[in-house]
Amino acid sequence: MSDQVGNNPFLDGLNPSQCDAVVHSGSPLLIVAGAGSGKTRVLTNRIAYLLAECGVAPYEVMAITFTNKAAGEMRERVAALVGPRAKSMWVTTFHSACVRILRQEASIAGFSPSFSIYDQSDSVRLVTLIGRDLNLDPKRYPPRQIAAMISNAKNELIGPADYTNQAKTHIEEVVAECYGLYQKRLRDANAFDFDDLILKTVEVLQRFPEAKARYRSRFRHVLVDEYQDTNHAQYILVRELVGTVADGIQPAELCVVGDADQSIYAFRGATIRNILQFEEDYPSARTILLEQNYRSTQNILSAANAVITNNASRKAKNLWSDSGDGALITGYVAEDERDEAEYVMNEIFRLQSENISQPGDTAIFYRTNSQSRAFEEVFMRNTLPYKVVGGVRFYERKEVRDFLAYLRVLANPYDEISLRRIINTPKRGIGDKAIAGLEQMGIPLWDALLNAKDAPDAAARATAAIEGFAKLMISLRELVEANVRPSVIAEAVLEQSKLGEELSDSEDPQDEARLENLQELVAVAQEYEADEQLEGEEVSIVGFLERVSLVADSDQIPDGEDHGGVVTLMTLHTAKGLEFPTVFLTGMEENVFPHSRSLGEPSEIEEERRLAYVGLTRARKNLFLSRASTRFAFGSPTYNSPSRFLSEIPEEIIQWKAPEIRLKSKVNPKVAPTGKRTSSNGPNDPNTNLHLEIGDRVLHQTFGMGTVIALSGAEEKAEATINFGTYGDRRLLLRYAPVEKI
DNA sequence: GTATTTCGGTTTTTT
DNA sequence: ACCGAAATAC
């Protein structure tokens, strides 16, 4: 083996363990890859090595990652090593691979290949409808919770029948009933939810041997990245794809890469068991450890190692680096989240002016999406360019969902959730009553729509509105049948549905941005067409919808080494798999991180700690940890003690910085008191000395300047109606109103 | 049927 | 503080 190591271009610059991992063959392989140990490089080189040296054809390779971005990078890197023939490999996510298989096998398995893909909020909506039908009190049986329990069952490959048999508690019995109805409605809607994509694929492979044989004989190499984040369903899927000798086909070679210390998705069914017991599951397996870290300085690694050591249920492992100690880690205790954001910003500017690090090299991590806000406000005010990854996602905005719902119905009219969404959006006079009438017909909503006049007690006006809508959808569907390009159909929808008109006619300034979002979506469709044509693939509404349904947060991380020159903000979960020269790990407080919801269960605390480990190991050179003594949550200030993870880091590698002594911040001059009143009054001091007359001009703290147009009451009950221009007429109780006469 | 106001839940984390 | 759903008003 050492001869190959010396000469082979695919082994150049790799350490001995990495080389072993690249060239290993003949049995299942588990690569235990610590953070920053070069696992992506090993994976891509292994694929290239298989193609170049082992006579493996590209179409025989399937590599599965968790995000499109990771898949895209891997494909690119393999292509750079072996050239364009890399194209026929399957390098995709679990979910995309499953969609592809399901579409290919649709006719065998008995469903239409133009199925809709329901995301979490679609699932919750469907559960809400079922709950209504069953007369369940949504307070006692929250649809969200029921949907989550169904999802958990699916991740364990437990179907409705099994679930019913196993149900013990009352809530489980209720969920069992919902689960059965839920699956039925999905089937009627020709829709799969995220969990179904995996579960149904497993089902297809298990129930149709001829389908399974197709994939079994094609894929000779199956590689799985981030194996520690696979759930049971994904585990079984991999097992089915690899197969056993009993199938009569040689099993595929399996190579999985993972790090139990970076398992952070137990909450959605990922089980560390899959990696811890790999050797039991595959008795002939070989395990290779990658423990040398090429990413971070020793101080950063020492901090990460010190933290993760506190997890009891863990196999010992020690990452090491030979790149020197590097700078100390910097700690900062902020007054509140605004101060924390200002500190981070000032440090970013300082690092830039001292030429240590650029904004594009910098990431800010936090535990929950809501924490991004303080940073956004401060950065925006000071024109520090940034990009928030995730959070209120583009595809979750109402107007975007409405628009996509049109396309979904055009692709699949039986998609009930989408049809309900658009039937009266924009408002066209089809209210709850009209919809209830259609439902009474006992046929799919789409069919009812086409026969609206037969609906029980149909009002003439409602029927006319429904027929108008049906006509609209039928004419749009003709475009789909004529194979018109998705972007053109999208434009037609925007135009004919009046969705665009509604927004452009609106007074609300935010509607302008919403309209831009929809135009952006048309641009996304054009981009999709360009991409597919480059690959020589067909374009279709279904293909476009698939692409937008399976986007992940991490897919929108700005490309390139310097991330477009902007600071990147994201949750710790999204940060997995990335690295940055400079990292700010913020909100290091009990109840925030570890999150308050995790404090009860030791296993959940351990998951939080792994999350901390992930965060710490993203940093290459400069690591900053910060916490706020006060933080606003649910509208009122909360005080949290320092995160336990801070005290788990050896003191000598953190340097705590004192807050700068700052002048008391100036009051916004617009609302500064003019001194006409006897005492300087706080916001709740009764404003007793204020005497107003009609026509007086006043200044209001929030509404700005206004004119008194009416007066009523006296003394403590004195009220004034004041016109504030764009804020309209307001009736205010003068005792409390923050107004002054000018 | 629609607009406006109130209320209540939300903040884990995501394919 | 904020957003969406439900209750209420129009």
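Within every chain, numbering begins at 1; the chains are lettered A, B, ... in the order of the sequence lines, protein sequences first and strands thereafter.
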Starting from [atom2] on [N], measure out to [atom1] on [X] and report it in whole angstrom.
X        : N      : atom1 : atom2 : value
A/Gln145 : B/dT11 : CD    : P     : 14 Å
A/Glu546 : B/dT15 : CD    : P     : 16 Å
A/Phe365 : B/dT14 : CZ    : P     : 13 Å
A/Asn369 : C/dC3  : CG    : C1'   : 15 Å
A/Glu502 : B/dT2  : CD    : C1'   : 13 Å
A/Asp193 : B/dT14 : CG    : C1'   : 14 Å
A/Asp229 : B/dT15 : CG    : P     : 11 Å
A/Glu376 : C/dC2  : CD    : C1'   : 14 Å

(message) A quick test of your reading: do over 12 heavy atoms of other residues, nucleotides or ligands sit less than 6.0 Å from CZ of A/Arg461?
(response) no

Classify [X] by what it touches in the nucleic acid, base, sugar-phosphate, or nothing, heavy-atom distance under 4.0 Å.
X        : answer
A/Arg610 : nothing
A/Tyr265 : sugar-phosphate
A/Asp195 : nothing
A/Asn591 : nothing
A/Glu607 : nothing
A/Arg373 : sugar-phosphate
A/Thr67  : nothing

(request) With DNA chain B as reference, determine whether A/Ile264 or A/Phe634 sits nearer its 5' end, using the nearest nucleotide of each. (result)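 By nearest-heavy-atom nucleotide position, the 5'-most residue is A/Phe634.
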
(request) Between A/Ser370 and A/Gly390, name the one whose nearest nucleotide on DNA chain B is closer to the 5' end. (result)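 With A/Ser370 and A/Gly390 compared, the 5'-side residue is A/Ser370.
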
(message) Quick check: A/Phe192 with A/Phe111 (ring centres under 6.0 Å apart)?
(response) yes

Residue [X], side-chain atoms from C-beta onward, closest of [options]:
X        : options               : result
A/Lys427 : B/dG1, B/dT13, B/dA3  : B/dA3
A/Lys139 : B/dT11, B/dG9, B/dT13 : B/dG9
A/Arg144 : B/dT2, B/dT11, B/dG1  : B/dT11
A/Arg268 : B/dA3, B/dG1, B/dT14  : B/dT14

For [N], does either OP1 or OP2 sit under 4.0 Å from a side-chain N or O belonging to [X]?
X        : N      : result
A/Thr574 : B/dT14 : yes
A/Asn424 : B/dT2  : yes
A/Arg597 : B/dT10 : no

Distance-only donor-acceptor hits, side chain of residues 137-145 of chain A, under 3.5 Å, sequence neighbours excluded:
from, atom 1, to, atom 2, distance (Å)
A/Asp137, OD1, A/Lys139, N, 2.9
A/Tyr141, OH, A/His170, NE2, 2.6

(request) Determine yes or no for a side-chain-to-main-chain donor-acceptor pair under 3.5 angstrom, with A/Gln234 supplying the side chain and A/Asn231 the backbone. (result)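 Answer holds: yes.
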
(request) Measure from the ring centre of A/Phe66 to the centre of the six-membered ring in the base of B/dT15, then say whether that distance is under 5.5 Å and the planes meet at under 30°. (result)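 No, aromatic ring not over the base.
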
(message) Here's one to test your reading of the geometry: is the NZ or CZ of A/Arg597 within 45 degrees of the ring axis of A/Phe267 and under 6.0 Å from its centre?
(response) no

(message) With rounding to the nearest 0.5 angstrom, report the CG to CZ distance, A/Asp122 to A/Arg408.
(response)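 Reported value, rounded in 0.5 Å steps: 4.5 Å.
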
